[in-house]
Amino acid sequence: MIKIAQPIIKEEEIRAVEKVLKSGIITQGPMVVEFEKWFANFCGTKYAVAVNSGTAALHCALYATGIKERDEIITTPFTFAATANSIIMQRAKPVFVDILPDTFNIDPTKIEEKITQKTKAILPVDLYGQIYEVEAVNKIAKKYKLKIIEDACQAHGAEFNHRKAGAFGEMGCFSFYATKNMTTCEGGMIVTNSGRYAELARRFRHHGQSEKTHYQYFDLGFNYRMTDIAAAIGIEQLKRIDDFNKKRMRNAQMLTERLKNIKGLITPIIKKNYKHVFHQYTIRVTNEFKITRDELSQCLKEKGIGNSIFYPKPLHLYPYFRKLGYKKGDFPISEKISKEVLSLPVHPLVSEEDIKFIIKTIKEI
Ligand SMILES: *Cc1c(COP(=O)(O)O)cnc(C)c1O
């Protein structure tokens, strides 16, 4: 079976974890500090704050940038629920904007019509590993004085104009969940160039306490701390992220070369000046293909080729988002695309033989 995702844990990670377990400091400690230092360096930002999930990272970033009750945050409905959930967790309102059919990212031309007096920030997602449309979106943010919080949970090491994901707004958020391009089992990170925002995020992850003065609660906070066990794994993964991404990109390129001319399949595009790190390799299966998307998915599974649908339904069609006033038809591109997308395995453990087998199988179908 070729899996759709598989974490890569080697001797290095195991040894690093063993060392932490034997050190006596197993919660947030020196390894977290070390991991933050290296991760900030990797992203080209001044600060990084480690937390225990990507969701926590998003929640901390919204808090740190001053988002509060009844504020409106513009984001995409075609993403993992955590993106919009974090907005609701901060008692703000997710205001959805439809996506571009080629990159699946938020459509900059549809943002301005959604801006009101209450709009405080834009939360674009670097979906599948390709950074959002930075130039167009950031121009709007600047014009209306909106903050940008980048959901880079799928884009570790992705680039636009040689700058790394996470660094394009006030704050960038990452996830180190087991299936992401690098993992700490569960984990997350916020990166920023603002010392003030970094300090607020540190406070928020630690029940509103500054890390220097215990039991002095400046404000509401949560327990979003990362453990030194997770950080030790993260440090080892970070040493290999460029290699992981290279393999993903190589696999993606091989798939695209052989699949791009098949009628009814649309292969992913890489925009000019962008480095796409292929957290997911996602094709669109249109009406012109021989069988339906769901039939293709089933066929591949029967042949031992793992595949998945990210995401089967845009967020606005789920009951608790519908309650915010959304209905079917609001975001036609997202609704159409969600019926066409199919992600194929490209993670670093997928070999050239595996790729050839995937291609052969699809061609036979
Ligand atoms: C994975 C992911 C998150 C959430 O990360 P967790 O670590 O699972 O909390 C948020 N946004 C996107 C786009 C993701 O893919």
Side-chain angles (χ1 to χ4, degrees), residues 4-7 35 39 48-63 73-90 94 96-97 99 103-106 121-133 137 148-158 165-166 168-169 171-191 201 204-205 222-227 230-231 233-234 237 241 245 248 276-282 308-316 318 321 334 337-338 341 343 346-347:
I4 184 72
Q6 211 174 336
F35 185 31
F39 201 81
V49 180
V51 288
N52 52 23
S53 74
T55 311
L58 287 162
H59 194 192
C60 283
L62 288 163
Y63 170 81
I73 314 300
I74 289 175
T75 192
T76 158
F78 193 63
T79 177
F80 180 54
T83 309
N85 284 354
S86 65
I87 297 169
I88 298 175
M89 285 154 72
Q90 198 52 18
F96 294 125
V97 166
I99 56 167
T103 60
F104 313 102
N105 285 331
I106 194 164
I122 306 175
L123 207 172
V125 179
D126 304 333
L127 203 74
Y128 305 145
Q130 181 156 241
I131 296 170
Y132 72 95
E133 274 56 20
V137 174
I148 286 192
I149 295 153
E150 183 185 354
D151 183 341
C153 285
Q154 304 188 352
H156 322 68
F168 291 101
M171 300 189 104
C173 301
F174 292 87
S175 164
F176 305 122
Y177 182 66
T179 59
K180 305 286 156 118
N181 289 33
M182 59 176 280
T183 187
T184 61
C185 302
E186 295 271 10
M189 190 79 82
I190 309 121
V191 296
F204 198 62
R205 78 172 164 189
F222 293 81
N223 173 3
Y224 282 159
R225 295 181 303 265
M226 177 181 272
T227 67
I233 298 171
Q237 293 268 307
I241 183 69
N245 282 342
R248 285 177 180 272
H276 188 326
V277 293
F278 287 99
H279 170 61
Q280 296 299 343
Y281 180 89
T282 304
S308 213
I309 293 160
F310 304 108
Y311 298 91
K313 218 156 86 164
L315 296 179
H316 69 285
Y318 290 90
F321 288 108
S334 300
I337 295 276
S338 66
V341 286
S343 298
V346 290
H347 60 80

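Model, not experiment: these values are computed from the prediction. Order of listing sets the numbers, starting from 1, for every ligand and every atom in it. Hydrogens, waters and symmetry mates play no part in the numbers below; they use all other heavy atoms, side chains included.
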*Asks:* Can you name the atoms of ligand 1, numbered from 1 with element, that are less than 4.0 Å from a heavy atom of T79?
*Replies:* 13 (C)
*Asks:* Counting from 1, what ligand 1 atoms have a heavy atom of T83 closer than 4.0 Å?
*Replies:* 11 (N), 13 (C)
*Asks:* What residue and heavy atom of the protein are closest to atom 8 (O) of ligand 1, and at what distance?
*Replies:* S175 OG, 4.1 Å
*Asks:* Pull out every atom of ligand 1 sitting under 4.0 Å from any heavy atom of V125, numbered as shown with elements.
*Replies:* 13 (C)
*Asks:* Show the atoms of ligand 1 that are less than 4.0 angstrom away from any heavy atom in S53.
*Replies:* 7 (O), 9 (O)
*Asks:* Could you tell me, atom by atom, which parts of ligand 1 come under 4.0 Å of a heavy atom of G54?
*Replies:* 5 (O), 6 (P), 7 (O), 9 (O)
*Asks:* Does N52 reach the main-chain N or O of R225 with its side chain, forming a donor-acceptor pair under 3.5 Å?
*Replies:* yes
*Asks:* Give the minimum heavy-atom separation between Q154 and N181, together with the two atoms involved.
*Replies:* O-OD1, 4.3 Å
*Asks:* I131 and E150: which non-hydrogen atoms are nearest, and at how many Å?
*Replies:* CG2-OE2, 4.1 Å
*Asks:* Has ligand 1 got any nitrogen or oxygen that is less than 3.5 angstrom from a nitrogen or oxygen of Y177?
*Replies:* no
*Asks:* Out of curiosity, L127 CG to F80 CZ, how far, rounded to the nearest 0.5 Å?
*Replies:* 12.0 Å
*Asks:* If you take the nearest heavy atom of each of A56, C153, A152, which one is closest to atom 10 (C) of ligand 1?
*Replies:* C153
*Asks:* Indicate, as side chain, backbone, both or neither, the part of D151 found under 4.0 angstrom from ligand 1 when only non-hydrogen atoms are considered.
*Replies:* side chain
*Asks:* Students often mix this up, so state it plainly: with edges at 30° and 60°, are the rings of F104 and Y128 parallel, tilted or perpendicular?
*Replies:* perpendicular
*Asks:* Quick one: do the S343 and T282 side chains pair a donor with an acceptor below 3.5 Å?
*Replies:* yes
*Asks:* Hey, does Y311 come in under 3.5 Å of ligand 1, counting only N/O atoms on both sides?
*Replies:* no
*Asks:* Could you tell me if K313 sits above the aromatic ring of Y318, with its cationic atom closer than 6.0 Å to the ring centre and no more than 45 degrees from the axis?
*Replies:* yes
*Asks:* Run the numbers for me: atoms of ligand 1, each under 4.0 Å from some heavy atom of T55, listed by number.
*Replies:* 4 (C), 5 (O), 6 (P), 9 (O)
*Asks:* Does the residue E186 have a heavy-atom contact with ligand 1, meaning some pair of atoms that are separated by less than 4.0 Å?
*Replies:* no
*Asks:* What is the nearest protein non-hydrogen atom to atom 2 (C) of ligand 1, stated with its residue, atom name and distance?
*Replies:* K180 NZ, 2.6 Å
*Asks:* Going by the atom numbers of ligand 1, which of them fall below 4.0 Å from some non-hydrogen atom of A82?
*Replies:* 3 (C), 4 (C), 10 (C)
*Asks:* Determine whether a donor-acceptor pair (N or O, by modelled atom type, separation under 3.5 Å) exists between the side chain of H156 and the backbone of A165.
*Replies:* no
*Asks:* Which label fits F222 and F204: parallel for a plane angle under 30°, tilted from 30 to 60°, or perpendicular past 60°?
*Replies:* perpendicular
